[in-house]
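Single-structure report; data block below.
Along the sequence shown, residues are numbered consecutively beginning with 1.
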Amino acid sequence: IEAGVPPIVGHGKSVLSFCSVENLCQACLLACSGRGQTGRAYTVANGTDITWRWLFTRFLEGVGRRQRIYIPVTVAYIAAALMMGLHALVPGFEAKLTFYRIHRITTDTSYDISETVRDLGYAPDTDAERQVRAIIDWYLAEKAGGFLPMLLKVKR
């Protein structure tokens with residue numbers, strides 16, 4: 001985003017089930033406290049869906065950017081094919097745009113958490129605006145403290 005790469009592909013109206021770290025921790029604590037069924041997997045999310053456009057617009061605003069061009073899905077797939085082909089020829093080249101990434105942000109992905117709520121007593125915080133702001137604040141603090149480049153190097 002800060003490099004000027006437009007994150008919203010297509011119309012950006014596809015939905016995703018966002019999950020904050022706090023909500024994930026709450027669900028883990030509830031499961032570890034003996035609630036729910038032993039050995040059962042539970043779906044954890046905020047319980048309200050957001051769109052990719054909503055999410056990426058908040059991230060863009062958080063770093064003082066604005067997306068001026070919207071990339072059509074077909075163009076994104078062509079760019080991904082070129083990047084993946086280049087990666088096949090030059091393994092050191094990292095294809096940052098892949099078919100999976102495009103598919104992920106152009107497909108609705110919503111999850112039912114009713115069993116998690118019922119079995120665990122899970123009560124998610126649905127304030128996505130505050131949660132995304134906390135992510136942006138963390139990112140900006142890490143960047144200002146000089147820790148972000150170190151984190152990115154460790155990841156690779």
Side-chain angles (χ1 to χ4, degrees), residues 1-29 31 41-113 116-117 122-156:
I1 287 175
E2 286 194 284
V5 177
I8 302 169
V9 174
H11 52 67
K13 294 179 183 175
S14 298
V15 299
L16 69 142
S17 288
F18 184 72
C19 182
S20 70
V21 171
E22 294 89 352
N23 283 337
L24 178 60
C25 290
Q26 178 198 157
C28 289
L29 283 170
Y42 288 99
T43 302
V44 182
N46 280 12
T48 56
D49 294 334
I50 60 175
T51 66
W52 286 100
R53 178 183 290 265
W54 183 91
L55 179 64
F56 284 137
T57 297
R58 298 308 176 284
F59 286 150
L60 285 158
E61 289 169 351
V63 296
R65 300 278 179 165
R66 194 174 70 136
Q67 184 163 339
R68 298 182 199 299
I69 323 173
Y70 290 89
I71 310 299
V73 177
T74 306
V75 172
Y77 274 113
I78 291 168
L82 292 171
M83 286 183 180
M84 292 165 63
L86 187 56
H87 172 71
L89 294 172
V90 183
F93 176 80
E94 181 185 353
K96 295 188 179 194
L97 189 59
T98 64
F99 293 156
Y100 171 78
R101 287 181 176 176
I102 297 166
H103 177 74
R104 181 73 181 93
I105 64 174
T106 58
T107 305
D108 289 338
T109 310
S110 185
Y111 298 103
D112 178 7
I113 62 166
T116 309
V117 170
Y122 174 62
D125 174 359
T126 59
D127 189 353
E129 189 77 47
R130 182 193 56 74
Q131 295 161 353
V132 170
R133 183 74 239 168
I135 293 168
I136 294 165
D137 291 345
W138 171 86
Y139 170 81
L140 294 173
E142 292 296 307
K143 182 179 171 189
F147 298 111
L148 203 54
M150 183 180 4
L151 289 174
L152 293 175
K153 287 179 185 173
V154 170
K155 182 182 175 188
R156 291 178 183 218

Decide side-chain contact (heavy atoms from CB on, under 4.5 Å) for Val132 and Ile136; before the verdict, give the C-alpha distance in whole Å, the side-chain angles of both, and the deciding distance to 0.1 Å.
CA-CA 6 Å; Val132 170; Ile136 294 165; 4.0 Å; yes
Can you measure from [atom1] ([X]) to [atom2] ([Y]) and round to the nearest 0.5 angstrom?
| X | Y | atom1 | atom2 | value |
| --- | --- | --- | --- | --- |
| Phe147 | Tyr139 | CZ | OH | 15.0 Å |
| Ile105 | Leu16 | CD1 | CG | 10.5 Å |
| Leu55 | Leu60 | CG | CG | 9.5 Å |

Under the side chain to side chain contact (heavy atoms under 4.5 Å, CB included) test, which residues partner [X], sequence neighbours left out?
| X | value |
| --- | --- |
| Thr48 | Asn46, Thr126 |
| Asp112 | Ser114 |
| Thr109 | Arg104, Tyr111 |

Can we say Lys13 and Asp108 salt-bridge, meaning some charged N sits less than 4.0 Å from an Asp/Glu carboxylate O?
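So Lys13 does not pair with Asp108 through a salt bridge.
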List the residues meeting side chain to side chain donor-acceptor pair (under 3.5 Å) with Glu61, not counting sequence neighbours, and say none if there are none.
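For Glu61, no residue satisfies side chain to side chain donor-acceptor pair (under 3.5 Å) once neighbours in sequence are set aside.
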Output all residues satisfying side chain to side chain donor-acceptor pair (under 3.5 Å) with Asp127, sequence neighbours left out; order by chain, then residue number.
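By the side chain to side chain donor-acceptor pair (under 3.5 Å) rule, Asp127 matches no residue at all.
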Applying side-chain contact (heavy atoms from CB on, under 4.5 Å) to Thr107 and Ser14, what does each step give before you reach the verdict?
CA-CA 6 Å; Thr107 305; Ser14 298; 5.6 Å; no
Is there a donor-acceptor contact under 3.5 Å from the side chain of [X] to the main chain of [Y]?
| X | Y | answer |
| --- | --- | --- |
| Tyr122 | Leu24 | no |
| Gln131 | Asp125 | yes |
| Thr43 | Ile113 | no |

For residues 62-74, which residue pairs qualify under side-chain hydrogen bond (donor to acceptor under 3.5 Å, both in side chains), counting only residues two or more places apart or in two chains?
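Every side-chain hydrogen bond (donor to acceptor under 3.5 Å, both in side chains) pair that includes a residue of residues 62-74, provided the two are not neighbours, is Arg53-Tyr70.
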For a quick test of reading the model, state the closest non-hydrogen atom pair linking Ser17 to Ser110 and the distance between them.
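In this case the closest contact between Ser17 and Ser110 is OG-CA, 3.3 Å.
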Of all heavy-atom pairs between Ile102 and Thr106, which one has the smallest distance, and what is that distance?
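Looks like O-OG1, 2.7 Å.
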Taking only residues at least two apart or on different chains, which pairs with a member in residues 2-12 satisfy salt bridge (charged side-chain N to carboxylate O under 4.0 Å, His left out)?
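Residue pairs passing salt bridge (charged side-chain N to carboxylate O under 4.0 Å, His left out), neighbours aside: Glu2-Lys143.
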Sequence neighbours excluded, which residues qualify as ring-ring contact (aromatic ring centres under 6.0 Å, His included) partners of Phe56?
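For Phe56, the residues satisfying ring-ring contact (aromatic ring centres under 6.0 Å, His included) (neighbours in sequence not counted) are Trp52.
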Residues in ring-ring contact (aromatic ring centres under 6.0 Å, His included) contact with Phe18, at least two apart in sequence or another chain:
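For Phe18 there are no ring-ring contact (aromatic ring centres under 6.0 Å, His included) partners, ignoring immediate neighbours.
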Within a radius of less than 6.0 Å around NE2 of His11, do more than 12 heavy atoms belonging to other residues, nucleotides or ligands occur?
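Yes.
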Would you mind reporting whether Val63 and Leu140 have side-chain heavy atoms less than 4.5 Å apart?
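Answer yes - side chains close enough.
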State which residues pass salt bridge (charged side-chain N to carboxylate O under 4.0 Å, His left out) with Asp137; sequence neighbours excluded, sorted by chain then number.
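Result, salt bridge (charged side-chain N to carboxylate O under 4.0 Å, His left out) vs Asp137: Arg133.
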Apply salt bridge (charged side-chain N to carboxylate O under 4.0 Å, His left out) to Arg101 and list each qualifying residue two or more places apart in sequence or on a separate chain.
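By the salt bridge (charged side-chain N to carboxylate O under 4.0 Å, His left out) rule, Arg101 matches no residue at all.
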Solution key, residues 77-92 side-chain donor-acceptor pairs under 3.5 Å, sequence neighbours excluded:
from, atom 1, to, atom 2, distance (Å)
His87, ND1, Pro91, O, 3.4
His87, ND1, Phe93, O, 2.6

Given side-chain contact (heavy atoms from CB on, under 4.5 Å), test Val15 with Ile50 step by step and report yes or no.
CA-CA 5 Å; Val15 299; Ile50 60 175; over 6 Å; no
Please evaluate residues Ile135 and Val21 with respect to the criterion side-chain contact (heavy atoms from CB on, under 4.5 Å), reporting the C-alpha separation (whole Å), side-chain torsions for both, the decisive distance (0.1 Å), and the verdict.
CA-CA 10 Å; Ile135 293 168; Val21 171; over 6 Å; no
